[in-house]
Amino acid sequence: MKRVFCVGELLIDFVAENQGNDLSNATHFTKKAGGAPANVACAISKLGGKGVFVGSVGNDPFGQFLLDTLKNEGVDISHVQTSTTFTTLAFVSLADDGERDFVFSRGADQELCYDASLRKSFFGNMLHLGAATALLGGSLEKAYSKYLFDGLTREMFISFDPNFRGDLWKDREAQFVKKCMPFIEKSHLCKFSKEEALLLSNTLKVEDACQVLHEVGTKVITITLGKQGTLVSCSGIRQIVPSISVKAIDTTGAGDAFIGCLLNQISHLDSYDQVVNDPTLLLKMVEKANRAGAITTTAFGAIPALPTQSQLEH
């Protein structure tokens, strides 16, 4: 089993309790652990895999809460850095269908510094670059790019999830697209939402988006389509894998559960080439990952709602 190193933000999600309203009307919030790459690391560990989180939190009570949460889920937090800057916060409201409205207050996550000593642990393992905040500048962005290079030179399987957040990139979408391209070019697997795929490819249809993004460089593309399932594009196949029907309460972390479950399955393979060369196997893995994503939407908060292996099998 390979270790999966997940690089990026770990933060507090303050979730508005008055579901169905936007943040301008919210008055009461519940504290939850969050951050896309941290969620992915937890999803992997909760399924019995080896999730490793690489990021930065503040040296404050919120940071300690986050570290305790990851540790309790079995995530390796030995590479987490602490900062005198306050822990990053996100304020989230939920619509009736579980969809979200975000506002970020950035803090310690942007101060992650590159750690060259990690290279010795990278060889033959896996790297997931799925941070919503990583391309916004600062030492985190520099570290992100260096870890991509290290992953390539250490024969890692690399996955990329751009995690586009409109609040973070308002009026700078073209800059976001430009910054994503080197990661799409070099990653073995890319996970996109429909919005991200169309934005990054400058197309109007997901089928056209796949063509463009394959030409950029990535071999395997998954595009999550909510209730419809996931479009998989790889090795001449382009097929939607259906999801399961659930009553969605909170979609926070559903995409992270999906990619975490998929990466966990890949981590057990003898050869990463199987992902590209065996479409039947890939489709079966995506089917299971769809179940993980769907189950996560049936409860509040990303990490508490992530499924265990036994939940996936029932």
Side-chain angles (χ1 to χ4, degrees), residues 36 40 126-132 134-135 144-145 148-149 151-152 156-166 168-169 171-243 251 254-263 265-266 269 271-290 292-294:
V40 173
M126 299 172 64
L127 178 65
H128 177 63
L129 299 166
L135 303 179
Y144 213 61
S145 295
L148 173 64
F149 176 80
L152 292 168
M156 301 183 88
F157 182 92
I158 300 170
S159 73
F160 176 61
D161 179 352
N163 267 301
F164 176 73
R165 298 287 181 264
L168 296 176
W169 292 97
D171 300 322
R172 296 187 298 143
E173 290 85 357
Q175 184 182 7
F176 171 79
V177 171
K178 183 178 180 180
K179 289 189 174 190
C180 284
M181 287 301 137
F183 297 91
I184 298 171
E185 178 187 358
K186 300 298 184 182
S187 297
H188 301 89
L189 164 67
C190 286
K191 178 261 174 194
F192 306 109
S193 67
K194 180 179 179 180
E195 176 191 17
E196 290 163 348
L198 299 182
L199 172 65
L200 290 163
S201 63
N202 192 29
T203 61
L204 298 176
K205 297 180 180 179
V206 290
E207 293 81 7
D208 295 335
C210 288
Q211 182 64 36
V212 170
L213 296 169
H214 279 311
E215 290 173 358
V216 173
T218 188
K219 294 286 196 304
V220 180
I221 293 173
T222 62
I223 302 177
T224 52
L225 303 171
K227 295 176 182 178
Q228 289 180 272
T230 301
L231 176 65
V232 180
S233 182
C234 174
S235 299
I237 65 161
R238 195 162 294 164
Q239 180 175 330
I240 292 179
V241 180
S243 188
T251 61
D256 303 326
F258 168 86
I259 192 63
C261 181
L262 184 55
L263 293 175
Q265 294 174 81
I266 294 171
L269 298 177
S271 169
Y272 299 138
D273 290 339
Q274 291 175 260
V275 181
V276 178
N277 297 329
D278 189 345
T280 301
L281 174 63
L282 176 60
L283 293 172
K284 286 182 179 179
M285 291 194 296
V286 170
E287 181 181 1
K288 188 173 185 179
N290 278 348

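Starting from 1, each residue takes its place in the sequence as its number.
- Scanning for side chain to side chain donor-acceptor pair (under 3.5 Å) contacts around S201 gives T203, with sequence neighbours left out.
- Listed by first then second residue, pairs satisfying salt bridge (Lys or Arg N to Asp or Glu O under 4.0 Å) with a partner in residues 171-182 read E141-K179, not counting sequence neighbours.
- Residues satisfying the side chain to side chain donor-acceptor pair (under 3.5 Å) criterion with S159, sequence neighbours excluded, are H128.
- Of all non-hydrogen atoms in L135 and C180, the two that sit nearest each other are CD1-SG, 3.8 Å.
- Not counting sequence neighbours, E287 has no partner by the side chain to side chain donor-acceptor pair (under 3.5 Å) test.
- Partners of F183 according to the ring-ring contact (aromatic ring centres under 6.0 Å, His included) rule, which considers only residues two or more places apart in sequence or in another chain, are Y144, F160.
- Note that the OG1 atom of T222 and the NZ atom of K191 stand 7.0 Å from one another [nearest 0.5 Å].
- In terms of heavy-atom proximity, L198 sits nearest to V206 at CD2-N, 3.9 Å.
- In this structure, CZ in F176 is found 6.0 Å from CZ in F164, a value given to the nearest 0.5 Å.
- Nearest heavy-atom pair across L168 and A132 is CD1-O, 3.7 Å.
- By the side-chain contact (heavy atoms from CB on, under 4.5 Å) test, L281 pairs with L269, Q274, D278, M285, sequence neighbours left out.
- Across I223 and A197, no two heavy atoms sit closer than the pair CD1-CB, 3.7 Å.
- Looking at I184 and L200, their side chains come closer than 4.5 Å, going by heavy atoms from C-beta outward.
- Residues Q228 and P242 have side chains not in contact (no heavy-atom distance under 4.5 Å, counting atoms from C-beta outward).
- Looking only at side-chain heavy atoms (C-beta outward), P162 and F192 come within less than 4.5 Å of each other.
- Pairs of residues two or more places apart, or lying in two chains, never qualify as side-chain hydrogen bond (donor to acceptor under 3.5 Å, both in side chains) while including a residue from residues 181-190.
- Contact annotation: the side chain of D161 approaches that of E196 to within less than 4.5 Å [non-hydrogen atoms, C-beta and beyond].
- Residues C234 and L282 approach most closely at CB-CD2, 3.9 Å, considering heavy atoms.
- The backbone N or O of G130 lies less than 3.5 Å from a partner atom in the side chain of N163, making a donor-acceptor pair.
- Looking at heavy atoms from C-beta onward, L152 lies in side-chain contact with I158 at the 4.5 angstrom threshold.
- Note that the SG atom of C261 and the CG atom of D256 stand 12.5 Å from one another [nearest 0.5 Å].
- Within the model, atoms CD1 of I266 and CD1 of I259 stand 6.5 Å from one another, a figure rounded to the nearest 0.5 Å.
- Scored by the side-chain contact (heavy atoms from CB on, under 4.5 Å) test, K205 finds E207, D208 as partners (sequence neighbours excluded).
- N290 pairs by the side chain to side chain donor-acceptor pair (under 3.5 Å) definition with T230, not counting sequence neighbours.
- No side-chain heavy atom of K219 sits under 4.5 Å from any side-chain heavy atom of L189.
- Under the side-chain contact (heavy atoms from CB on, under 4.5 Å) criterion, Q211 pairs with E215, R238, not counting sequence neighbours.
- What you find for C210 and I221 is that their closest heavy atoms are O-CD1, 3.7 Å.
- Legend: residues meeting side-chain contact (heavy atoms from CB on, under 4.5 Å) with N277, ordered by chain and number and at least two apart, are D273.
- With contacts defined as side-chain heavy-atom distances shorter than 4.5 Å, the pair F157/L127 does not qualify.
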